[in-house]
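Below: the structure, in structure tokens.
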There are 2 protein chains.
Amino acid sequence: MEFKEAKNKFVQTWGALGSQWGINKTMAQIHALLMVAAEPLSMEDIMEELQISRGNASMNLRALMDWGIIYKEYKPGERREFFTSEKDLDELAVKIAQERSKREIKPALKVLKEVSSSVKGETSAEAKHFTDQTTKLYDFVLKADNMLEKSIEFKDNWLGRLVMKIMK
Amino acid sequence: MEFKEAKNKFVQTWGALGSQWGINKTMAQIHALLMVAAEPLSMEDIMEELQISRGNASMNLRALMDWGIIYKEYKPGERREFFTSEKDLDELAVKIAQERSKREIKPALKVLKEVSSSVKGETSAEAKHFTDQTTKLYDFVLKADNMLEKSIEFKDNWLGRLVMKIMK
DNA sequence: TTGAAGTTTCAAAAATAAATGAAAGTTATT
DNA sequence: AATAACTTTCATTTATTTTTGAAACTTCAA
């Protein structure tokens, strides 16, 4: 396969996969593009390569910066802004994990805490079961989130590295 | 808060969160409902409670069964089918992890493998960088997926339980 | 302080995903 | 083998999300 063809395939497919990840297509495509770009790209470059509008490019570049997985770069003597992606994959994984925890897990914890402790003065089996079940869920999700956080620091300590090795 | 109110809040919010998880609203709501239901529910019950159509209920119940996180149950002397959710949370987590690996990670690996090994006979720095970068990504994602699989078996062995404990 | 080069915003349009409901399909009972 | 109880399918409708593009905004240089 030719380089251009392969690159295109990668960017397109990554975009399609992004949708399943709950990330929009363009955002995933821009990220893919920057991941494999040898040089920082300008917004113009990105619009051109992906055939998207200026507004679309602007909004998704901002979103990616909010996730902390791409960066603005200024070239001396250049007016325009250039963009690069985080290329350290460990760092990328950490950022994605943090962002997903913030967006997906924390809100779940919030509502679980509320509903599990809010049913007062009802004695029906139904109400009892509801409180039980949501409490268990809360504890479980909290534990899972803690593990996610821990595994972020994990690779920096000896035990972590050992376990990683065992896990292959 | 009253039980009914709390239950409603839980089901509604879980549905909204589901969207961010890349799961559709109804699917998440049905699952939430079954998680806190003391008794198995019929399709009729679910339609009624969530105010949704028969078709919608049917399709999402099937999807949840495909994920392996809810079950059909037959009551003696009853023609209708009833549904219950997986209530063992460890088991639930395993099922979700497996499903997400299958749907989100495996396809990513497939495309990475293809594109990382497909650029032939080009010597430009760009092409080189592309092959490098996608190869690294492939290795990384593969490792992550392996860890996910390993962590599924993890809690069943002594080392796993120990590490879990340390992670709190 | 004006204008050129660039970026952001946001209302409207387009694309995509989800929900409806009626018809077709099943299955159990008599 | 007819019918009643229940479930699934899928073409159409509805709702949601994404994209566009033109106007507003910002920043720098002359």
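Here is how names work: the chains are called A, B, and so on, in the same order as the sequence lines, proteins then strands, and each is numbered from 1. Note that this is a predicted model, so its numbers are computed, not measured.
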Compare the minimum distances between each of [options] and the side chain of [X], then state the nucleotide with the smallest one.
| X | options | answer |
| --- | --- | --- |
| R54(A) | dT19(D), dA19(C), dT7(C) | dT7(C) |
| M43(A) | dT18(D), dT20(C), dT7(C) | dT7(C) |
| N56(A) | dG6(C), dC6(D), dT19(D) | dT19(D) |
| N24(B) | dA18(C), dT9(D), dT20(C) | dA18(C) |

Residues T135(B) and D132(B): side-chain donor-acceptor under 3.5 angstrom: no

Under 3.5 Å, is there a donor on one side chain and an acceptor on the other for S101(B) and K106(B)? yes

Hey, does E81(B) reach any base, or is it just sugar-phosphate, or nothing, if we go heavy atoms under 4.0 Å? sugar-phosphate

Counting distance alone, no hydrogens or angles: does the base of dT27(C) have a donor or acceptor under 3.5 Å from a partner atom on the side chain of R79(B)? yes

Position toward the 5' end of DNA chain C (nearest nucleotide), S58(A) or S53(B): S58(A)

Return no unless some side-chain N or O of [X] is found under 4.0 Å from OP1 or OP2 of [N].
| X | N | answer |
| --- | --- | --- |
| R62(B) | dT9(D) | yes |
| N60(A) | dT18(D) | no |
| T26(A) | dT18(D) | no |
| S19(B) | dT16(D) | no |

Salt bridge check: are K9(A) and E5(A) linked by an N-O gap of less than 4.0 Å? no

Grab the [atom1]-[atom2] distance between [X] and [N] for me, whole Å please.
| X | N | atom1 | atom2 | value |
| --- | --- | --- | --- | --- |
| K72(B) | dC6(D) | NZ | P | 14 Å |
| M27(B) | dA19(C) | CE | C1' | 16 Å |
| R80(B) | dA4(D) | CZ | C1' | 15 Å |
| Q29(B) | dA19(C) | CD | C1' | 12 Å |
| M47(B) | dT20(C) | CE | P | 9 Å |
| L61(B) | dT7(D) | CG | C1' | 11 Å |
| F82(B) | dT7(D) | CZ | C1' | 14 Å |
| Y74(B) | dT7(D) | OH | C1' | 10 Å |

Could you walk me through whether K4(B) and E2(B) pass the salt bridge (charged side-chain N to carboxylate O under 4.0 Å, His left out) test, one step at a time? CA-CA 6 Å; K4(B) 267 201 158 175; E2(B) 212 187 319; over 6 Å; no

Please say whether the positively charged group of K113(B), taken as NZ for Lys or CZ for Arg, lies over the ring of Y138(B), i.e. under 6.0 angstrom from the six-membered ring centre and within 45 degrees of the axis. no

